[in-house]
Amino acid sequence: MAMFLPALHALVHDEHTVSRSFAYSGLLGLALVGLIGLALGGNPRREASDLNNLLSLCLAFAALPLFLAIPFYEGLRTTTFLNAYFEMVSSLTTTGATLFDTPERLVDSLHLWRGMVGWLGGLLMWIAASAVLAPLNLGGFEVTASAEPGQGDMRLDRFERANTGRRVAQTAFALAPIYAALTGALWLFLVVGGDRPLVAFVHAMSTMATSGISPVGGVQNAGSGIGGEIVIFFFMTFALSRLTFSSDTITTARPGLHNDPEFRLGMLLVLGVPLLLFLRHWVGAYDVEQLEEIPSAFAALWGGVFSVLSFLSTTGFESAYWDAAQGWSGLGTPGMILMGLSLVGGGVATTAGGVKLLRVYALYLNGQREMERLVHPSSVGRASAGSRRMRRQGAFVAWIFFMLFALSLALITVILTALGIKFEPAIILSIATLSTTGPLTQVAGEAPIVLNQIGAWAKLVLCAAMVLGRLETLAIIALFNPALWRD
């Protein structure tokens, strides 16, 4: 059904070829769904297991883009189907890396389709986090859970595993209206701020999905200016913690967003990193009495704050004042900081990618306790049972995930270099895909990476890396867990 919206949009703007491609593909999709429904209608209904849901999620990110790429390929007509598939994998996994470095090459309807696919991919991850990954203690939930990753709490599984379909439906009905309402509110604010309706709609969907997809090359080229950036900044905070929009996955015994370790750590990075970049030049300007630069100083500070949150949430939007922030920082390679922020990522059960703030917090707690024991070897840590579990077992699992992430990063980098890509671009591409922060390819290096110039095999490797980064390594390993197959 989603394909009929860009079909109607293209028809209104006299893009008849694009309109037909989406309309025919939409009808084909409805026919296929109907035939599958008829084929399964006479069979006894069988509840899907947690393994089936996890496997279906994996296939959705890998195989569904094959169908989503058909109208994009037919509508554009000047690219290969592999490029269209890459574009759809990038959109559905909310990575946002694009092969078309000039937005003018795509008509507005194709930009709308990219934004919609990214938005639906973000919604899929919202639902899957609660209905699929949380019961299996995956996706960051393993840090605070008492059971092993890939194995749910056996006290609850007897009921929950028998009603997985109902659980998915209930989660979808609960989260989809919130997701749509937040997107609609952001779209309205951006339109009032001066953006074209289509540009505002795509940027609103991209912000909520943290995909970074833009029909104008980024928010710095939009018409809403700094007012639009301020509004987007507020909505990007939803990617720092699930407690910003829900209360069903509380990771702390004390209620309230201000007590959530993910949100506090995220805001510490959002405020601390730009201040560190800004402080050296600001002190120098004060010493030489260049106080007339105060307006440009605050512009540079805002550029740093917005860009830090954008890449920490793995959205990848670049502020219009990011160039000023780079100049004030005095650093030759600020892209390294953006890559580090993208690796950290956002909150558990959000649309953000990366290692996740909760895992970083668990490692911090463990490191803090180990340093205390170096000073006082016989000391006994004072913490609640939940905090002790996060500090011990949670930190151990977080460290395992971090090492798996590092091994995946090394493997993807080696494969890309073997396929003829230079070492520095290979590292940037690996981090961008595994952290689902596609815009890193344009801002992390000294020069933007032209993805359209890489080979076909390298594009397929990047597609696999995007799916791996979206699902996470532990979820892929859980598919081979014999306990899930027996259940």
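Side chains included, hydrogens not; waters and symmetry mates left out as well; all remaining heavy atoms used.
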Interatomic distance, L419 atom CG to I454 atom CD1 [nearest 0.5 angstrom]: 9.5 Å
Rounded distance [0.5 Å steps], CG in L57 versus CE in M125: 6.0 Å
Pairs meeting criterion salt bridge (charged side-chain N to carboxylate O under 4.0 Å, His left out) with involvement of residues 111-129, two or more places apart: E87-R114
Residues, nucleotides or ligands: over 12 heavy atoms within 6.0 Å of F4 CZ: yes
Atom pair OG (S109) and NE2 (H13), whose distance is rounded to the nearest 0.5 Å: 7.0 Å
Enclosure of Y24 OH (heavy-atom neighbours >12, cutoff 6.0 Å): no
Heavy-atom closest contact (V308 atom, P274 atom, distance): CG2-CG, 3.7 Å
Within the 6.0 Å centroid threshold, strictly below: F396 and W399: no
Value rounded to 0.5 Å, distance of OG1 in T351 from CZ in F238: 11.0 Å
Under 3.5 Å: donor-acceptor pair, side chain of S206, backbone of I213: yes
Positive for side chain to side chain contact (heavy atoms under 4.5 Å, CB included) with L429, one of L434, I421, T413: I421
Side-chain (D195) to main-chain (G223) donor-acceptor, under 3.5 angstrom: yes
Those residues that, when tested against E472, pass side-chain hydrogen bond (donor to acceptor under 3.5 Å, both in side chains) (two or more places apart): K356, R359
Under 3.5 Å donor-acceptor, T17 side chain and G75 backbone: no
With V344, the side chain to side chain contact (heavy atoms under 4.5 Å, CB included) member among T314, L265, V355, L269: L269
Polar side-chain atom of R167 near backbone of A131 as donor-acceptor pair, under 3.5 Å: yes
All side-chain hydrogen bond (donor to acceptor under 3.5 Å, both in side chains) counterparts of W187, not counting sequence neighbours: none
Whether F72 and F100 hold their rings parallel, tilted or perpendicular, with breakpoints at 30° and 60°: tilted
Residues that R470 engages under side-chain hydrogen bond (donor to acceptor under 3.5 Å, both in side chains), provided they are two or more places apart: T94
Within the 6.0 Å centroid threshold, strictly below: F317 and H203: yes
Heavy atoms of other groups near F86 CZ, more than 12 under 6.0 Å: yes
Close side-chain approach of S408 to L468, heavy-atom, < 4.5 Å: yes
Pairs touching residues 415-428 that satisfy side-chain hydrogen bond (donor to acceptor under 3.5 Å, both in side chains), sequence neighbours left out: none
Contacts of T315 that satisfy side-chain hydrogen bond (donor to acceptor under 3.5 Å, both in side chains) - sequence neighbours left out: S313
Validation row: Y85, Y73 side chains within 4.5 angstrom (heavy atoms): no
Near-ring test F306/W322, centroid separation under 6.0 angstrom: no
Parallel, tilted or perpendicular: rings of F189 and F235 (30°, 60°): tilted
Spatial distance of atom CD1 (I178) from atom CH2 (W126) [nearest 0.5 Å]: 6.5 Å
Reported OG-to-CZ distance for the pair S307 and F311, which is rounded to 0.5 angstrom: 6.5 Å
